[in-house]
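Structure first, commentary second.
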Amino acid sequence: MKKTSKLLSFIVAAVFLVSGIGKSLAVNDFSQILALYGFGGLRFFASFIIIIEVALGLLLFFGFRLKQTALVALCFVAALSAAYLYGYLFANLTDCGCFGYFSFLNLPPVFTFIRNLILICALLYVFLNSNNSYKAMERKEIAVILCILCAVSFVAGYTCTEHSDATQYIANGQYANKDVENTILGEFSTFSQDSAYLVFVFSYSCPHCYNSVENLKEYEQSGMVDRIVGLSFTADTAVMNKFNDIFKPNFQIKNYHHSQLFQLTNNFPVSYYISNNRVKLEIRGILPCWYVLLQKLQKMEKRN
């Protein structure tokens, strides 16, 4: 039983650490998801939740007061699960934001609840089969825990102040000034030599993507581009229908498995401006209106 308890505590610790570190790398995204529950003040608890999660993962990993730690971790998972259930039922939330930057690890709602139930059962087993004995931590273990917590706190603070919704114009990215057929973009759509395109890569549950859609819809109507191509993850039919009902997109959307889309980018939203079959500019973050982007392109041409 002791060996099983240790194994389960290691597994749960790994999930907690990956989840906490992933969220620390994308605090703004996680805080935005918390705000979507209908209580704007919840977003201020994002960093607090991350630090608790990482701390519990480290304590489980090192087996410190395993019985008490397992109980606290069990309550933590149960509370987050209950909150997510509320969001799913009453706020139409499908993205739990569990793994933050490692969003490809996020699961559909049903599987998220199943995973959390497994974590709760594992922690209950550890709690019931661990004794109350106090294990003194060695200095090196304390040093490791403090170093990791400090690092996570620093990263969380840094990414919290680095606004992920701010627009970044990248003219020297990995696809810049390359023919489309020589980039992975060519695998997602076909592009004509004498036309201009905007490729918009987004997620159906990303608030920054939501804030970009109305600007995006104006690009083709204004004549800035000849065609818009939307690329997204394959999602639940209900989620995609909800997106279409709210925004009524006037552009083509192609849905792919996350493993395919992550070959292109792991930043959302991100847009690629393509002209004369060449990638001219990468736009990360909220997409600006067509006129702002036009001015940016004109300034770039003058410099060149």
Is it true that R284 and E282 make a salt bridge, defined as a side-chain N closer than 4.0 Å to a carboxylate O?
yes
Spell out, as yes or no, whether a donor-acceptor pair under 3.5 Å connects the side chain of D226 to the backbone of S195.
no
Can you list every salt bridge (Lys or Arg N to Asp or Glu O under 4.0 Å) pair that touches residues 193-214, not counting sequence neighbours?
E214-K217
So that I know where these two stand, are Y84 and F113 an aromatic pair - ring centroids less than 6.0 Å apart?
yes
Considering all heavy atoms, the nearest V126-S5 contact:
CG2-O, 3.6 Å
Over all heavy atoms of both residues, which pair between K280 and S275 is shortest? Give the atoms and the distance, please.
CE-O, 3.7 Å
Which salt bridge (Lys or Arg N to Asp or Glu O under 4.0 Å) pairs, counting each pair once, include a residue from residues 53-63, with sequence neighbours left out?
K23-E53
For I21 and S24, work out which heavy atoms get closest and say how close.
O-OG, 2.6 Å
Would N255 and Y204 count as having a side-chain donor-acceptor pair, cut-off 3.5 Å?
yes
Nearest heavy-atom contact between K178 and T183 is CB-CG2, 3.8 Å
Nearest-0.5 Å distance, CD of residue E301 to NZ of residue K296:
12.5 Å
Hydrophobic cluster (4.5 angstrom, side-chain heavy atoms) - remaining members for I11
L7
Would K67 pass as a cation-pi partner of F127, given that its NZ or CZ must be under 6.0 Å from the six-membered ring centre and within 45 degrees of the axis?
yes
Students often mix this up, so state it plainly: with edges at 30° and 60°, are the rings of F202 and F200 parallel, tilted or perpendicular?
parallel
Return the minimal non-hydrogen interatomic distance between Y219 and C289, and the atom names on each side.
OH-O, 3.4 Å
Under 6.0 Å between ring centres, would you say that holds for F188 and Y256?
yes
